[in-house]
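See below for the structure under consideration.
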2 protein chains.
Amino acid sequence: MVKIMSNLSNNMEEYLKKLLKLSTAGFIDIRRKELASKFSCVPSQVNYVLETRFTLERGYMVESKRGGRGFLRIRRIHLPVENILAMFFQEAADNGIGSKKAKDLILRLYESKFISFRESRLIEASLGSLQLIKDESLRDKLRGKMLKEMLMVLV
Amino acid sequence: MVKIMSNLSNNMEEYLKKLLKLSTAGFIDIRRKELASKFSCVPSQVNYVLETRFTLERGYMVESKRGGRGFLRIRRIHLPVENILAMFFQEAADNGIGSKKAKDLILRLYESKFISFRESRLIEASLGSLQLIKDESLRDKLRGKMLKEMLMVLV
DNA sequence: ATTGTCCTGACCATCTTTGACCTTAGCTGA
DNA sequence: TCAGCTAAGGTCAAAGATGGTCAGGACAAT
């Protein structure tokens with residue numbers, strides 16, 4: 001009797017991921033308008049889903065073409081752990097990192113088997129405690145530093 | 001026979017616990033507004049009940065999502081209630097804990113095989129980053145909270 | 001009377017959805 | 001040819017839908 005809450009964006013995300021799994025090519029091509037119509041929403045809703053769910057941080061790449069015969073192409077990418085870590089160290093470790101990006105990063109490291117499930121939960125728990133800090137800038141900075149220190153230990 | 005005071009909060013608590021018992025999934029999802037409406041109170045009352053009755057110490061975990069189709073998810077978790085560690089964590093989370101005590105605790109947890117070597121290093125790394133914080137009181141408090149959150153996750 | 005618990009309401013933060021307006025690519029007909 | 005039409009996709013800001021926080025007053029227990 002437990003109802004799982006789902007919304008348009010989540011449904012569309014699931015749908016696209018299912019398509020991706022089924023595809024042999026490693027990517028899928030879709031029409032923005034058609035997809036929007038299938039889910040009875042405005043086309044820009046599709047952009048929202050792509051921007052929030054199919055980001056590089058989560059391991060996806062989106063290409064597109066406008067005009068007649070335009071398309072949206074979604075690709076699953078599997079970066080080696082070193083690249084994932086390198087991206088983090090290059091742009092987030094010192095300048096701070098938002099909580100959403102941090103979560104995505106942890107998820108990817110887990111998916112890549114670089115860290116265990118317990119370790120991923122441990123890291124998330126430590127970062128989650130930072131909500132105690134009011135100053136957002138300090139929070140982001142600390143989050144970056146903590147992640148860096150923790151990942152260094154694991155290398 | 002102790003008579004349970006019947007007030008809004010207690011009623012809501014009982015109601016939620018009944019739902020939890022009935023659920024096969026081990027958790028329930030609710031809408032804050034709906035629940036408030038069912039009990040004819042303001043939505044923030046729900047938060048009050050969750051904060052006072054469905055705490056980690058009492059064996060519950062609450063997750064939530066805001067925005068359209070948001071939800072509150074209450075989960076029953078099974079901790080050894082009379083666990084002395086749990087009390088210690090609570091104390092640490094409430095009043096903070098110094099870095100030396102924290103280190104000793106981590107060491108003991110590792111020695112008793114409660115956590116792995118990597119995990120112990122991970123925890124120390126995250127706590128070490130707190131040096132970035134100037135305010136000692138905030139630092140101790142954060143250290144306590146992080147420790148608690150991290151170890152709770154591992155139980 | 002004092003203290004702790006309960007409730008409320010105003011204001012805040014976050015996530016989602018929509019719609020008006022913009023840009024780009026391909027096609028077509030004078 | 002190539003200007004203009006048509007068919008895509010892109011951006012952005014505002015509105016909508018939830019949940020979160022906090023201070024203060026009401027009320028109950030002692």
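Here is the naming used below: chain letters follow the sequence lines, and residue numbers restart at 1 for every chain.
One atom, CZ of Arg69(A), and another, C1' of dC27(C), lie 10 Å apart when rounded to the nearest Å. Nucleotide dG4(C) holds its C1' atom 12 Å from the CZ atom of Arg53(B), rounded to whole Å. Separating the CG atom of Asn10(B) from the C1' atom of dT5(C) is a distance of 10 Å, rounded to the nearest angstrom. Note: CZ (Arg32(B)) to C1' (dT14(C)) measures 13 Å, nearest angstrom. At whole-Å resolution of the value, NZ in Lys100(A) and C1' in dT16(C) are 11 Å apart. Put simply, CG on Leu35(A) is 15 Å from C1' on dT17(C), counting in whole angstrom units. Taking atom CG of residue Asn7(B) and atom P of nucleotide dG4(C), one finds them 18 Å apart after rounding to whole Å. Rounding to whole angstrom units, CD of residue Gln45(A) and P of dA20(C) are separated by 16 Å.
A salt bridge links Glu119(B) with Arg118(A); the closest basic N to acidic carboxylate O contact falls under 4.0 Å. In this structure, Glu13(B) pairs ionically with Lys17(B), as a charged nitrogen and a carboxylate oxygen lie closer than 4.0 Å.
Residue-to-nucleotide proximity on DNA chain D shows that, of Gly68(A) and Glu63(A), the 5′-proximal contact is made by Gly68(A). Of the two residues near DNA chain C, Leu8(B) and Ser40(A), the one whose nearest nucleotide lies more 5' is Leu8(B). Where Asn47(B) and Lys65(A) meet DNA chain D, the nucleotide closest to each residue was compared, and Lys65(A) sits on the side nearer the 5' end.
One side chain, Arg32(A) or Asn47(A), offers a donor N or O that lies under 3.5 Å from an acceptor on the other. Between the side chains of Gln45(A) and Ser9(A), a donor-acceptor pair is found at a separation under 3.5 Å.
OP1 or OP2 of dC15(C) has not a single side-chain nitrogen or oxygen of Thr52(A) nearer than 4.0 Å. Contact annotation: Tyr48(B) side-chain N/O to dC6(C) OP1/OP2 distance is under 4.0 Å.
Picking from dT14(C), dG19(C), dT16(C) the nucleotide with the shortest atom distance to the side chain of Arg66(B) gives dT14(C).
Put simply, the side chain of Ser112(A) gets close to the backbone of Arg108(A): a donor and an acceptor are under 3.5 Å apart. The backbone N or O of Leu127(B) lies less than 3.5 Å from no partner atom in the side chain of Arg143(B), so there is not a single donor-acceptor pair.
Residue Ser9(B) is classed as a sugar-phosphate contact, given heavy-atom separations below 4.0 Å to backbone atoms only.
Along DNA chain D, read 5' to 3', the first and last nucleotides having any atom under 4.0 Å from a heavy atom of chain B are dA17(D) to dA29(D).
At most 12 heavy atoms of other shown residues, nucleotides or ligands fall within 6.0 angstrom of atom CZ in Arg69(A).
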